[in-house]
Amino acid sequence: MTLPYPPNTAVMNLPRRDAKDKLLGRTRYTVDESSHGMLHAAARRSETASGRIVKIDVTPALSMPGVKAIATREDAPGLHGIGIADHPLFAKDVVRYHGEPLAVVAATTLAQARAAAAAILVEIDPIAPILTMAEALAKDAPLIHPDWASYEILREGAARGGNIAWEATVVRGDTDAAFARDDVILVEGTYRVGRQSHVPFEPRAVVAAYEDGRFHIHTSTQVPWTVRHVTAKILGVPEAAVHVTVPAVGGGFGLKFDCSLEPFAAILARKTGRKVSLVNSRREEQMTCLSRENADILIRSAVTPEGDIVGREATVLMDCGAYGGEQVFLTTMTAHTLGGNYRLGSVKIASQAVYTNTPPNGAFRACNGVYNTFALECHTDEICKAIGMDPVAFRRRNVVGDGDIGATGQVFEGDVLGPMLDLAIDTYGPHERAKKGPDGRLYGRATTVGTWFIFVGPSSATVNLNVDGSATLVTSGVEIGSGTMVQSLPQIVAANLGIHPDAVIVKTADTDASGRDLGVGGGRTTVSIGAASQEACAEVRSKLLAVASQMLQTPQDDLVLAQGRVEIRDRPGSGTTIQTVIAQAELEHGPISGSGAFTAPGIPAMPGCAAGHFIDAIDIPVFAVHDCDVAVDPDTGKVEVLAYRVIQDVGRALNPRAIHGQIQGGVTQGIGYALHEEITINAEGAFDQTGFSSYRIPTALDTLPIDYHLYEGAPSCGPLGTKGAGEVPILNVGATIACAVANAIGTPVNALPLTAPRVLGLIDGLSSGVDLAHLSRHWHENTIAFSE
Amino acid sequence: MVLTLMINGDPVPYHGDPRRSLLEVLRDDLHLTGAKDVCGEGFCGACIVQIDGVPKVSCLLPVGRLAGAEITTIEGVSNSETLTAVQKAFLEYDVVQCGMCFPGMVLSMTHFMAENPSPTRAELKSAMTGNICRCTGYERIIDALLSLGSNGLGPVEEVRP
């Protein structure tokens, strides 16, 4: 599409309009909401990971001081989920994880609510919990969902069964023939990663009211329309009876990309007729975090001595915990991440969400891409070692370029990864051999590539042009901290209308005012809401210029909008202010507004390749090249990241300074994932890490200034050629640090995080490795769809 | 128990349990919600206030021990017309993201910069370990503070109660 304005007018380092109040402590997040008469709620959660509910008796709790209402399983009989409806709001007949909600209490004070929640009589007959995927997939393993076959299917096409909630498979070409060739070298890698907790500083929180027969839900979410839909489904009310508003969100990182506490608060609001606040304590937030899932990964590749990957087979087990949740969707992403980066002669991939009696997992920044990239890039380095080829040369030879096909047969457009790799080596220099330094430490470097995507999909926008020459942008976007709502969106609207971004008022999500939207996440906000906003602006422009054309006696094509004025092209000062035109428009037609919409363009995959996927092909691929140097202390196993460099495919950088903020923050989260953020699950099925003192997120001493280059010009259907830039910086951090450590110590790395004891185990050869005995080397035996 | 708290220069009578945390009293009783309740165990620094000019985590401070102390919360540091030098630097360097950690960050780093007007990067990073941030990756915040170090720190004095 040709733009009616030079695209560079949208590019600037616009400061954040919300920063001042945030620095003054004035911003009111959901957790800061309080008002006279508001009730406070607390949950009673299971302390058993698996068991049959014998009794839940709320009678003694109901008569306790301040208690106004208690909600239990009787109040919410429905099931919800993604792909399959397998998840009740409260545990029904059985408990499936430690921390599962049994009841919620509303009382005058939080202390009263907590005391009453603790006084509810709960009796559960324990059943031996299944805590690992290996146990869940064992022959004759008990079923965590015995009724799995009767669940409502929300999306057709996936194989399911037993403790496998969902299976997505890719089959393209004949891997059996590739593996049977006598000229290939077979390389096998097994990998395991643990969970990562988001730790948003604002926990999940909601304030609900029931007014005029409708629910008003004021909540800390990334997905107002999902909250509206799921709350209505669970409560059995029309979706139109749910109104969702979202103030500033104190961090999301994907954790808030699903409905969470909202239905509990809604039920209590209806029961009491009062406003009800429900906020997770930090302990609850940590122990029920919808973490980035732990995963077991097996990759086998057939590679020619020249370095062609003629066959690849992979199985990825993703622990979804007790309910399918986001993992059902995310099985899709294995095809595009582990199946990405490289040209493959033939490929088979199985990606499964596996039930366990552990807290459900969810979406976390670049979701399964982070660990699939870790596994793929470690495996790639092991291939290079096996065939004796330089890892950068191997990657340069094999990365997907213009016209190449991906795992599911989609055709990629443009050479992107290749030139980005060239730029990395030109800028950072060729690799030297790993060596021992004079300080006794082991030094290593690695360069990795990664493929991620923009989660496009439906967005809508309305732009109202006001009589003062300002514009109001109405969307369902939410400001979660990334700055999209206060930087890229007003920049796009301002450039379209020839006004300053400060004159663009941005209304944040209110489902009674704004149109439907998929939510803020998946790098989609600038792209999808931006595109809808741009379309809304086009309607505003055309209405404005039609009136101006009459007033200035000039054809519309010769008019430009700039600096709050309509000018005749190349004749500054010849026109008039837009306020004058708006006033005239009101006399002739009324106020000026426009609406716009966007959805996924729908890039095709090769028919028949992919089964059980929510997205067969990625509409906007996003590529990244990361490069780092590490030093490893062989006596302690401590890894220090000495330098970290990012080349990121951004399409077009609308606000380079803000993107730098995302890169610095995203890589730092990735360093935590790579080195020290670890969740362990104990015999009770609970996380050992219950707060900040036990779950260690990076401090200022754990990071370093990230060197970065914004790679522009790759194809994108986003407005002005943009791609989302906030999600992808974390993508290959685990991969790059792991490959650099492997190079430094001369031993393959197969697990994250690389805590000092784990690294020491690798150096000393004491690490037992990751054998993944529960996965077959005959790919089809790991699947439901292709096993005999 | 009855005591008088001096909060942002105003005497505030307190009747209640002296073991309650200052954070709870600030947020729940006085609706001063700038200090954030994040980790609840003194690790993250989001609830930092200044007690007699020294940064302290308010989640671990029993209110009964604060009679006579000057308590400065983020609400008392400045108003939008007179941001402190640290706040201005954070604004100019566009370092804020979700914002939850910044009230505590402003209070502790303002104190640190007043005590150490020309800190090195390493000194700043050490000083910042008591303020955890999940969004930003810190380094741009350090850049903002370093800009103050080389320019001197005149305006910071005005934030002292």
Side-chain angles (χ1 to χ4, degrees), chain A residues 13-16 18-29 31-32 34 109-110 198-203 248-253 279 281-283 479-483 487 655 657-658 660-669 671 691-693 697-706, chain B residues 27-28 31-44 46 73-80 83-84 86-88 90-107 121-122 124-143:
Chain A
N13 284 328
L14 182 73
R16 303 176 64 115
D18 60 345
K20 193 186 252 187
D21 271 15
K22 285 178 172 177
L23 288 165
L24 291 164
R26 291 178 180 175
T27 302
R28 295 186 79 84
Y29 304 85
V31 289
D32 298 322
S34 64
T109 70
L110 183 56
H198 309 68
V199 199
F201 269 37
E202 182 185 41
V249 173
F253 315 116
V279 178
S281 70
R282 182 53 57 179
R283 187 169 188 279
E479 181 47 57
I480 61 171
S482 65
Q487 291 172 315
N655 190 321
R657 188 171 65 169
H660 179 206
Q662 291 302 305
I663 290 175
Q664 180 65 45
V667 171
T668 300
Q669 278 181 348
I671 290 173
F692 277 58
S693 57
I697 62 175
T699 71
L701 291 178
D702 296 310
T703 189
L704 71 169
I706 308 305
Chain B
R27 289 182 58 85
D28 297 352
H31 303 292
L32 292 170
T33 55
K36 299 303 180 197
D37 179 7
V38 175
C39 78
E41 49 189 348
F43 257 78
C44 73
T73 72
I74 190 70
E75 290 88 351
V77 167
S78 57
N79 60 48
S80 47
L83 291 180
T84 69
V86 165
Q87 287 170 322
K88 274 183 199 156
F90 287 173
L91 201 59
E92 281 163 13
Y93 276 69
D94 194 42
V95 302
V96 176
Q97 291 190 28
C98 94
M100 288 282 290
C101 71
F102 274 94
M105 190 80 83
V106 165
L107 284 163
R121 189 169 200 96
L124 276 167
K125 290 184 74 159
S126 291
M128 204 175 277
T129 54
N131 292 93
I132 295 178
C133 171
R134 190 52 159 165
C135 298
T136 65
Y138 306 102
E139 299 289 346
R140 291 163 46 81
I141 305 177
I142 308 276
D143 290 342

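On a predicted model such as this, the values are computed, not experimentally measured, just so you know. Quick note on labels: first sequence line is chain A, next is B, and so on, each numbered from 1. Worth knowing before you read on, the calculation uses all heavy atoms, side chains too, and leaves out hydrogens, waters and symmetry mates.
Looking only at heavy-atom pairs under 4.5 Å with chain B, the residue among A:Gly481, A:Pro15, A:Ala248, A:Gly25 that has the most is A:Gly481. Top candidate by heavy-atom pairs under 4.5 Å with chain A, chosen from B:Leu32, B:Leu91, B:Thr73, is B:Leu91. Per-residue heavy-atom pair counts under 4.5 Å with chain B were compared for A:Ile706, A:Leu14, A:Leu704, and the maximum is reached by A:Leu704. Taking chain B as the reference chain and counting heavy-atom pairs below 4.5 Å, the highest number among A:Ser693, A:Ser281, A:Gly665, A:Gly483 is found for A:Ser693. Here A:Thr703 is the residue among A:Val31, A:Thr109, A:Thr703, A:Leu110 with the most heavy-atom pairs under 4.5 Å with chain B. No other option in B:Ala122, B:Cys98, B:Gly34 has as many heavy-atom pairs under 4.5 Å with chain A as B:Cys98. Contact tally against chain B (heavy-atom pairs below 4.5 Å) for A:Arg28, A:Glu479, A:His660, A:Arg283: the top residue is A:His660.
For A:Thr699, the parts sitting under 4.5 Å from any heavy atom of chain B are the backbone and the side chain alike. Of the two parts of A:Ile480, only the backbone, made up of N, CA, C and O, holds a non-hydrogen atom closer than 4.5 Å to a non-hydrogen atom of chain B. Contact of A:Val249 with chain B is made through the backbone alone, with heavy-atom distances under 4.5 Å. For B:Glu41, the part lying near chain A is the side chain, with the backbone staying farther off; criterion is any non-hydrogen pair under 4.5 Å. For B:Lys36, the part sitting under 4.5 Å from any heavy atom of chain A is the side chain, from C-beta outward, and nothing else.
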Inset, instruction - Please lay out, stage by stage, how A:Glu202 and A:Tyr29 fare under the test side-chain contact (heavy atoms from CB on, under 4.5 Å). - result: CA-CA 8 Å; A:Glu202 182 185 41; A:Tyr29 304 85; 3.2 Å; yes
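Remark: side-chain polar atoms of B:Arg134 are paired, donor with acceptor, to backbone N or O of A:His198 under 3.5 angstrom. A donor-acceptor distance shorter than 3.5 angstrom exists from the side chain of A:Arg657 to the backbone of A:Asn13, with no hydrogens or angles considered. Formation of a donor-acceptor pair under 3.5 Å by the B:Ser78 side chain with backbone atoms of B:Leu83 is not found in this model.
Among residues two or more places apart in sequence or in another chain, the salt bridge (Lys or Arg N to Asp or Glu O under 4.0 Å) test is passed with B:Arg140 by none. Remark: B:Arg121 pairs with B:Glu139, B:Asp143 by the salt bridge (Lys or Arg N to Asp or Glu O under 4.0 Å) rule, at least two apart or across chains.
A salt bridge between B:Arg27 and A:Asp32 is present, with a side-chain N of the basic residue lying under 4.0 Å from a carboxylate O of the acidic one.
The CD1 atom of B:Ile132 sits 10.0 Å away from atom SG of B:Cys101, with the distance rounded to the nearest 0.5 Å.
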